[in-house]
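Here is the structure we will look at.
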Amino acid sequence: MTRHARNCTAGAVYTYHEKKKDAAASGYGTNSQRVGKDSLRDFDCCCLSLQPCRDPVITKDGYLFDKEAILQYFLTKKKEYARKLKEYEKQKKKREETSQEQTANEELEKLQNFLKAEKTIVFKKTAKQEEEAAGSSVSNMSNGRDKQLPSFWIPSKTPESKEMILEKPDKNIYCPVSGKILKMKDLLPIKFTEVKDPDDKKALIVKTARYMCPITHDILSNSTPCAVLRTTGDVVTMECVEKLIKKDWINPLDNSKLTEEDIIPLQRGGTGYSAANVNLQGKHERPVLQA
């Protein structure tokens with residue numbers, strides 16, 4: 001059938017545009033959207049609080065954190081580890097007690113069976129007594145089952161429930177960004193060099209150009225690759241590292257010797273126009289409508 005109008009619905013093909021339009025209207029499916037510059041953190045912002053760092057520290061991989069935020073993260077993880085370890089030891093002790101009790105019940109049952117067998121040797125039982133001895137008790141309170149009764153009111157004691165076995169928690173603390181093991185001694189304090197403009201009376205947090213390279217006086221931003229000098233903690237541009245520092249491997253700020261390990265690339269955000277160490281694609285996962 002030919003198309004007679006702009007909104008004709010008699011088409012035999014369900015087009016991609018119609019599918020996207022219906023998915024947006026129905027509330028099903030995954031939405032993908034390109035995030036803008038406002039959704040990305042600045043190069044001098046903490047990876048946890050996403051706010052400008054007051055006391056900046058950096059990891060070996062170049063991720064920037066505010067010292068207060070990362071210390072709070074360490075304390076939270078240590079408290080969580082202590083809680084999980086306590087639950088693990090409690091369950092382990094309970095399982096050991098249950099195993100000992102089960103072993104004691106098995107030994108008692110063996111002793112009772114042995115005594116019954118000894119009694120049959122001493123005297124003959126009548127047919128009725130033998131029939132009673134062979135039959136088991138119908139009570140659900142016998143043979144130590146009084147402590148294992150099912151309950152339909154407590155979820156953990158229903159007949160279908162199974163005890164979840166806890167694993168011993170990991171005492172290591174991992175970086176919230178890179179996922180690698182993070183220790184307090186790995187955090188390196190750094191310092192940014194402020195741009196000194198006597199005519200600019202704005203607060204530091206409001207300024208667009210807040211910091212600069214202490215060697216070349218270039219303005220630092222998300223579009224400028226930066227690095228940290230381990231010996232002094234100063235933040236310089238990668239251009240300064242490649243053109244000046246790597247010639248003699250001497251820090252111009254204090255004339256100290258540098259090595260390749262003393263230069264830590266600073267992980268930065270994005271410019272909003274092209275990716276720079278950050279995925280600029282945001283996804284919102286929603287329920288899927290299945291046929």
Side-chain angles (χ1 to χ4, degrees), residues 35-80 173-197 200-241 245 251-254 256 258 261-272 274-280 282:
V35 297
K37 184 179 179 181
D38 295 336
S39 302
L40 304 174
R41 68 176 185 88
D42 290 333
F43 70 99
D44 60 334
C45 291
C46 174
C47 292
L48 285 176
S49 63
L50 304 180
Q51 298 296 323
C53 296
R54 292 181 294 179
D55 191 2
V57 292
I58 195 174
T59 64
K60 294 187 297 183
D61 298 321
Y63 292 103
L64 185 67
F65 296 98
D66 194 355
K67 191 173 183 179
E68 182 180 357
I70 195 64
L71 289 180
Q72 185 67 32
Y73 174 78
F74 269 91
L75 291 176
T76 303
K77 288 298 180 181
K78 286 184 178 295
K79 289 181 181 179
E80 183 180 355
I173 298 177
Y174 297 90
C175 177
V177 183
S178 64
K180 298 181 180 179
I181 296 178
L182 183 63
K183 298 181 180 179
M184 285 294 299
K185 62 180 181 180
D186 297 334
L187 298 176
L188 176 68
I190 66 172
K191 54 185 177 181
F192 292 99
T193 304
E194 297 182 13
V195 177
K196 296 181 180 179
D197 187 1
D200 193 357
K201 303 298 183 181
K202 296 180 181 178
L204 182 64
I205 194 172
V206 182
K207 293 181 180 179
T208 305
R210 292 193 289 263
Y211 302 109
M212 67 179 182
C213 175
I215 301 175
T216 62
H217 291 189
D218 292 334
I219 302 299
L220 304 182
S221 63
N222 278 359
S223 59
T224 306
C226 303
V228 177
L229 303 181
R230 186 188 294 271
T231 55
T232 59
D234 289 288
V235 180
V236 298
T237 60
M238 287 299 296
E239 185 179 5
C240 174
V241 173
I245 296 178
N251 188 351
L253 299 173
D254 61 350
S256 60
L258 296 175
E261 296 179 354
D262 293 332
I263 299 175
I264 305 174
L266 181 65
Q267 303 292 339
R268 52 203 168 92
T271 61
S274 61
N277 305 324
V278 157
N279 186 11
L280 297 177

Test item: Asn222 and Asp42 side chains (from C-beta on) under 4.5 Å apart, heavy atoms: yes
Set of residues satisfying side-chain hydrogen bond (donor to acceptor under 3.5 Å, both in side chains) with respect to Ser49, sequence neighbours excluded: none
Pairs in or reaching into residues 66-78: which pass salt bridge (charged side-chain N to carboxylate O under 4.0 Å, His left out), with residues at least two apart or in two chains? Arg54-Glu68, Lys77-Glu80
Applying side-chain hydrogen bond (donor to acceptor under 3.5 Å, both in side chains), can you list everything that pairs with Tyr174, at least two apart in sequence or on another chain? Asp170
CZ-CG distance between Phe74 and Leu182, expressed to the nearest 0.5 angstrom: 4.0 Å
If I compare all heavy atoms of Ile264 with all of Lys60, which pair ends up nearest, and what's the gap? CG2-O, 3.8 Å
For Thr232 versus Lys191, what's the shortest heavy-atom pair and its separation? O-CE, 3.5 Å
Under the side-chain contact (heavy atoms from CB on, under 4.5 Å) test, which residues partner Pro56, sequence neighbours left out? Cys53, Leu64, Ile190, Phe192
Answer yes or no: is there a side-chain heavy-atom contact under 4.5 Å between Leu266 and Met238? no
Leu48 side chain near Pro176 side chain, heavy-atom distance below 4.5 Å: yes
With Leu253 as reference, evaluate Thr231, Ile215, Thr193 under the side-chain contact (heavy atoms from CB on, under 4.5 Å) test and give the passing residue. Ile215
With the side chain counted from C-beta on, respond yes when Phe43 and Thr224 share a heavy-atom pair under 4.5 Å apart, and no when they do not. no
side-chain contact (heavy atoms from CB on, under 4.5 Å) between Asp44 and Tyr211, worked out: CA-CA 9 Å; Asp44 60 334; Tyr211 302 109; 3.2 Å; yes
List in chain and number order the residues that pass side-chain hydrogen bond (donor to acceptor under 3.5 Å, both in side chains) with Thr76, two or more places apart in sequence or in another chain; answer none if no residue qualifies. none
Close side-chain approach of Val57 to Leu188, heavy-atom, < 4.5 Å: no
Does the side chain of Asp218 pick up a donor-acceptor pair with the side chain of Thr237 at under 3.5 Å? no
Would Val236 and Cys213 count as a side-chain contact (heavy atoms from CB on, under 4.5 Å) here? Give the steps. CA-CA 5 Å; Val236 298; Cys213 175; 3.7 Å; yes
Give me the atom names and distance for the closest heavy-atom approach of Met212 to Glu194. CE-O, 3.7 Å
Does the pair Leu229 and Ile245 meet the rule for a side-chain contact (heavy atoms from CB on, under 4.5 Å), with working shown? CA-CA 10 Å; Leu229 303 181; Ile245 296 178; 3.9 Å; yes
Residues that Cys47 engages under side-chain contact (heavy atoms from CB on, under 4.5 Å), provided they are two or more places apart: Arg41, Tyr63, Phe65, Val177
Shortest non-hydrogen contact from Asp254 to Ser256? OD1-OG, 2.8 Å
Sequence neighbours left out, what passes side-chain hydrogen bond (donor to acceptor under 3.5 Å, both in side chains) with Asp55? Give chain and number order. none
Can you check whether Leu187 reaches Thr59 side chain to side chain, under 4.5 Å on heavy atoms? yes
Partner set under salt bridge (Lys or Arg N to Asp or Glu O under 4.0 Å) for Asp234, not counting sequence neighbours: none
Mind checking salt bridge (Lys or Arg N to Asp or Glu O under 4.0 Å) for Asp61 and listing every partner two or more places apart, or none if nothing turns up? Lys180
Are Thr216 and Glu239 close enough that some pair of their side-chain heavy atoms sits under 4.5 Å apart? no
